[in-house]
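Reading through the structure tokens given below for one structure.
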Amino acid sequence: MDGYTISQWVLFFLVYCFFGWCIESTFVSCRTRKLVNRGFLNGPVIPIYGFGAIAILFATLPVRTHPVAVFFLGMIAASVLEYFTGMAMEAIFKVRYWDYSDNFMNLNGHICLFTSLCWGALSVVLVEWIHRGVERVILGLPDSVSQLLSLILSGIFLADLAVSLKTALDLRKLLEQLEAYSEKAKEEARQLQERMAEHMEQSRERFLEKLPDGGEALQKRIESWEQAAERWEQSETVAKLRADLAAWKARREQAREGFRQRMTLDKRLLLRNNPTARSKRYGEQLRFLRQRMYEEYLERKKKN
């Protein structure tokens with residue numbers, strides 16, 4: 001296992017990215033009962049598995065003949081990598097593309113005991129069985145073929161990575177703008193409510209001032225209130241407030257429709273391929289976009 005060339009390491013990385021995609025896509029597809037192209041990238045690769053495999057191989061090379069040591073060293077190396085990768089991605093994109101917050105013994109939702117143990121088991125399986133076969137195939141390739149393959153596949157991988165990074169950054173920008181609009185809309189709604197409450201209070205005070213003294217009958221008071229309420233309902237101020245509220249609702253729907261139209265296919269696929277993705281900062285906006293995607297899905301299904 002020692003003495004690999006750079007092109008061989010690249011091919012190992014890409015092979016394990018593909019194996020990881022197979023594992024994740026199969027698991028999530030079975031759980032959701034529909035086909036899911038799992039992962040951050042568009043192609044059939046999940047980089048965390050490739051980097052995890054490389055980290056495991058580097059960590060376990062000195063002790064590869066001791067399965068227990070391979071288990072613990074591989075578990076630690078892969079878990080550390082997963083933790084810092086998850087933390088970095090959330091800091092950059094403001095979205096968690098995997099989240100273990102609901103799992104037993106998790107660390108900030110980026111790793112948990114179960115996945116760490118899985119990494120340890122995968123380390124043993126990788127070193128003892130899988131890598132032997134992969135190693136035999138890749139080392140059996142002529143150097144020229146190995147270099148050409150690594151260049152071509154690396155180019156495809158990097159192009160996919162660039163496109164996926166742009167999509168994720170565009171989604172982050174959309175979430176930020178949606179959050180800013182939501183805050184503005186909430187402030188406008190609060191101001192409308194305050195104006196309505198203020199006008200209602202002023203009308204109530206004017207009504208109380210006109211009430212007869214305490215000796216009047218209760219029924220007369222009720223009739224007076226009903227007449228005052230009717231006048232209040234028909235007043236120009238209330239009509240204007242209602243018109244402002246209707247205009248605010250129309251602007252909100254128009255703005256939401258604009259945000260929905262900006263959910264292009266690449267962003268939809270990114271969310272669809274990561275059904276467990278969450279956002280601590282933009283959770284409400286992410287749920288809104290998912291809900292709109294689901295409503296559109298139901299509309300298409302109804303038409304078909």
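Residue numbers start at 1 and run along the sequence shown. Just the heavy atoms: all of them, side chains too, but no hydrogens, waters or symmetry mates, feed the values below.
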Can you check whether [X] reaches [Y] side chain to side chain, under 4.5 Å on heavy atoms?
| X | Y | value |
| --- | --- | --- |
| P47 | L41 | yes |
| Q177 | R262 | yes |
| Y282 | V95 | no |
| W248 | L192 | yes |
| H110 | E82 | no |
| F51 | T85 | no |
| N42 | T167 | no |
| C22 | F18 | yes |

Note to self: Going by side chain to side chain donor-acceptor pair (under 3.5 Å), name the pairs with one or both residues in residues 66-77, residues two or more places apart or in two chains.
What the structure shows: none

Check: Tell me, which pairs form a side chain to side chain donor-acceptor pair (under 3.5 Å) where one or both residues lie in residues 10-27, sequence neighbours left out?
Finding: Y16-H131, W21-S25, W21-N37, E24-R38, E24-Y49

Ignoring hydrogens, what is the shortest heavy-atom contact between [X] and [Y]? Give both atom names and the distance.
| X | Y | value |
| --- | --- | --- |
| F40 | L270 | O-CD1, 3.7 Å |
| A55 | A77 | O-CB, 4.1 Å |
| A59 | L73 | O-CD1, 3.7 Å |

Sidechain-backbone polar pair: [X] side chain, [Y] backbone, donor-acceptor under 3.5 Å:
| X | Y | result |
| --- | --- | --- |
| S279 | K94 | yes |
| S182 | L178 | yes |
| W119 | G74 | no |
| R33 | S29 | no |
| T115 | C112 | yes |
| T60 | V63 | no |
| R268 | M263 | yes |
| D160 | I156 | no |
| N106 | S101 | yes |
| R64 | L61 | yes |

Item checked: Stepwise side-chain contact (heavy atoms from CB on, under 4.5 Å) test for F71 and S123 -> CA-CA 6 Å; F71 179 92; S123 299; 6.0 Å; no

Does one hydrophobic cluster hold both [X] and [Y], with members joined at side-chain heavy-atom distances below 4.5 Å?
| X | Y | answer |
| --- | --- | --- |
| F114 | M105 | no |
| L141 | L151 | no |
| L14 | V163 | no |
| V137 | V125 | no |
| I6 | L149 | yes |

Check: Looking only at side chains, do S7 and S150 share a donor and an acceptor under 3.5 Å apart?
Finding: no

Item checked: Polar side chain donor-acceptor pair, Y294 to E299, under 3.5 angstrom -> no

Between [X] and [Y], does at least one N-O distance fall below 4.0 Å, as a salt bridge requires?
| X | Y | value |
| --- | --- | --- |
| E188 | R251 | yes |
| E194 | R190 | yes |
| D266 | K166 | no |
| E284 | K186 | yes |
| D102 | R278 | yes |
| E295 | R292 | yes |

Look up atom [atom1] in [X] and atom [atom2] in [Y], then write down how far apart they are to the nearest 0.5 Å.
| X | Y | atom1 | atom2 | result |
| --- | --- | --- | --- | --- |
| L113 | N103 | CG | CG | 9.5 Å |
| E135 | L57 | CD | CG | 9.0 Å |
| L122 | I130 | CG | CD1 | 7.0 Å |
| K267 | L175 | NZ | CG | 10.0 Å |
| M75 | F72 | CE | CZ | 5.5 Å |
| I23 | I46 | CD1 | CD1 | 9.0 Å |

Next item on the list: Tell me, yes or no, whether the heavy-atom count around Q254 atom CD, taken from other residues, nucleotides or ligands under 6.0 Å, exceeds 12.
Entry: no

Item checked: Trace of the side-chain hydrogen bond (donor to acceptor under 3.5 Å, both in side chains) decision for Y100 with N108 -> CA-CA 8 Å; Y100 304 126; N108 298 327; over 6 Å; no

Notebook entry, point to check: Is there a side-chain contact (heavy atoms from CB on, under 4.5 Å) between Q191 and E187 once you walk through the steps?
Noted result: CA-CA 6 Å; Q191 291 176 1; E187 178 61 22; 3.1 Å; yes

Next item on the list: Assess whether side-chain contact (heavy atoms from CB on, under 4.5 Å) is satisfied between V15 and F19, documenting all intermediate values.
Entry: CA-CA 6 Å; V15 166; F19 285 176; 3.7 Å; yes

Next item on the list: Take F288 and F259 through the ring pair (Phe, Tyr, Trp, His ring centres under 6.0 Å) test and state the conclusion after the steps.
Entry: CA-CA 10 Å; F288 165 73; F259 284 115; 7.8 Å; no

Next item on the list: Any chance you could lay out the ring pair (Phe, Tyr, Trp, His ring centres under 6.0 Å) test for Y4 and F12, step after step, and finish with the verdict?
Entry: CA-CA 10 Å; Y4 299 138; F12 289 146; 4.8 Å; yes

Margin query: Show, in sequence, the C-alpha distance, side-chain angles and deciding distance for D244 and R195, and conclude whether the side-chain contact (heavy atoms from CB on, under 4.5 Å) test is met.
Written below: CA-CA 11 Å; D244 290 344; R195 287 169 56 193; 2.9 Å; yes

